[in-house]
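Down below is the structure, laid out as structure tokens.
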Amino acid sequence: KFKDGVFDLSSEQKILDVDSQREICCHTGGSIAYGPGNLLYVSTGDNSTPFNEKGAKYINSGYAPLNDLPGKEQYDARRSSGNTNDLRGKRLRIKVNEDGSYDIPEGNLFPVGMEKTRPEIYTMGHRNPYRISVDPKNGYLYWGEVGPDARVDSLLTRGPRGYDEMNQAQKAGNFGWPLFIGDNKAYISYNYATGESGEIYNPEKP
């Protein structure tokens with residue numbers, strides 16, 4: 001608590017832990033905002049590296065990080081943004097209580113107790129949502145989404161280039177990353193062991 005110009009460090013309350021891996025890099029930042037009903041919104045990045053792996057034959061090349069080879073977890077944002085049981089790559093929404101505990105408001109993406117999900121998640125499928133804001137009148141959530149570095153579309157082998165986004169969420173939802181970007185432009189599955197491309201991901205069944 002902050003009182004009389006001094007932070008009382010002994011009064012600290014730990015509200016929520018969000019895991020983070022820092023072995024390589026990136027997208028560990030985010031922001032917080034309050035909305036109507038004293039709801040706290042927290043944004044988190046996908047905690048995946050967008051850069052090419054040094055010495056690897058088959059690499060991201062600025063497209064979506066979808067490397068599911070053993071030991072390459074930092075190069076796969078499905079483990080974070082695409083994972084319903086992980087708080088990274090998300091917008092979280094909770095109601096903080098005076099004692100430091102929190103409640104789950106109505107309307108989040110997953111109900112309390114649903115297997116393999118986290119009820120704190122309001123929206124998922126985000127890459128690098130660095131700043132958020134909430135409309136104080138209607139509770140709509142706004143954020144900018146920085147896209148990956150690919151400069152050209154590779155519609156036969158990898159997928160779309162790095163589109164940036166400006167988003168509005170009027171309700172809970174999945175915004176698609178790392179399988180989709182922009183207005184549901186789909187990436188293509190890619191085998192990092194062989195360099196072969198597979199199926200285009202389906203936005204109706206991510």
Side-chain angles (χ1 to χ4, degrees), residues 2 7 12-51 60 62-65 74-84 86-96 100 102-105 107-110 118-151 160-185 187 206:
F2 183 74
F7 278 110
E12 180 183 5
Q13 294 172 310
K14 184 181 291 186
I15 308 299
L16 177 67
D17 280 322
V18 179
D19 291 335
S20 179
Q21 293 174 325
R22 303 294 182 100
E23 289 86 352
I24 307 175
C25 144
C26 286
H27 303 164
T28 55
S31 67
I32 63 174
Y34 280 95
N38 289 326
L39 297 183
L40 174 65
Y41 293 76
V42 181
S43 74
T44 61
D46 69 3
N47 197 198
S48 300
T49 180
F51 304 120
N60 282 356
Y63 296 96
Q74 286 278 142
Y75 297 90
D76 190 355
R78 287 171 294 185
R79 83 198 195 292
S80 56
S81 298
N83 184 349
T84 60
D86 193 288
L87 298 181
R88 294 169 295 178
K90 309 293 192 299
R91 286 305 157 284
L92 313 177
R93 188 176 71 159
I94 59 177
K95 176 69 177 291
V96 180
Y102 62 87
D103 297 321
I104 304 299
N108 277 9
L109 192 56
F110 305 110
R118 291 292 299 265
E120 298 92 345
I121 297 171
Y122 181 58
T123 62
M124 64 178 287
H126 305 298
R127 180 179 184 266
N128 191 17
Y130 215 71
R131 292 291 181 265
I132 61 176
S133 64
V134 183
D135 189 311
K137 292 185 177 181
N138 56 32
Y140 293 172
L141 177 64
Y142 294 88
W143 70 96
E145 188 82 85
V146 179
D149 296 331
R151 296 185 178 183
R161 64 181 182 233
Y163 291 91
D164 295 332
E165 301 176 3
M166 291 297 293
N167 289 310
Q168 178 199 72
Q170 299 185 15
K171 60 182 181 179
N174 183 346
F175 282 74
W177 179 260
L179 304 182
F180 316 98
I181 198 169
D183 54 346
N184 284 342
K185 291 177 171 60
Y187 286 102

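Quick caveat, the model's predicted, so the values are computed rather than measured.
- Taking a cutoff of 4.0 Å between a charged side-chain nitrogen and a carboxylate oxygen, Lys185 and Asp183 qualify as a salt bridge.
- Nearest approach of Pro65 to Asn60, heavy atoms of both residues: CB-ND2, 3.6 Å.
- Contact between Tyr187 and Pro178 at its shortest, heavy atoms only, is CD1-O, 3.4 Å.
- Expressed to the nearest 0.5 Å, how far NZ of Lys90 lies from OG of Ser80 amounts to 6.5 Å.
- Here the shortest heavy-atom pairing between Phe51 and Cys26 reads CE1-SG, 3.8 Å.
- Separation of atoms CG (Leu39) and CG (Asp103) is listed at 10.5 Å; rounding is to 0.5 Å.
- Remark: Ile15 engages Gln13, Ile94, Val96, Tyr102 in a side chain to side chain contact (heavy atoms under 4.5 Å, CB included) (not counting sequence neighbours).
- The closest donor-acceptor contact from the side chain of Asn108 to the backbone of Phe110 lies at 3.5 Å or more, if one exists at all.
- In this pair, His126 and Trp143 present their aromatic rings perpendicular. The plane angle is above 60°, beyond the 30 to 60° band.
- Legend: side-chain hydrogen bond (donor to acceptor under 3.5 Å, both in side chains) pairs involving residues 25-48, not counting sequence neighbours, sorted by first then second residue: His27-Asp46, Asp46-Trp177, Asn47-Arg88, Ser48-Arg79.
- Between atom CZ of residue Arg118 and atom CG of residue Leu87 there is a gap of 4.0 Å, rounded to the nearest 0.5 Å.
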Give the table of side-chain donor-acceptor pairs shorter than 3.5 Å for residues 167-175, with sequence neighbours excluded, one pair per line with atom names and distance.
| unit_1 | atom_1 | unit_2 | atom_2 | d |
| --- | --- | --- | --- | --- |
| Asn167 | ND2 | Glu165 | OE1 | 2.8 |
| Gln168 | OE1 | Gln170 | NE2 | 2.9 |
| Gln168 | NE2 | Tyr142 | OH | 2.7 |
| Gln170 | OE1 | Tyr140 | OH | 3.4 |
| Asn174 | OD1 | Gly176 | N | 2.9 |

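- Remark: Asn138 CG is packed, more than 12 non-hydrogen atoms of other residues, nucleotides or ligands lying under 6.0 Å away.
- The backbone N or O of Tyr122 lies less than 3.5 Å from no partner atom in the side chain of Arg91, so there is not a single donor-acceptor pair.
- Contact record, Val134 with Pro36: CG1-CD, 3.9 Å, taken as the closest heavy-atom pair.
- The distance from the CG atom of Leu179 to the CZ atom of Arg78 is 7.0 Å, given to the nearest 0.5 Å.
- To the nearest 0.5 Å, the span separating CD1 on Ile181 from CZ on Arg127 amounts to 7.0 Å.
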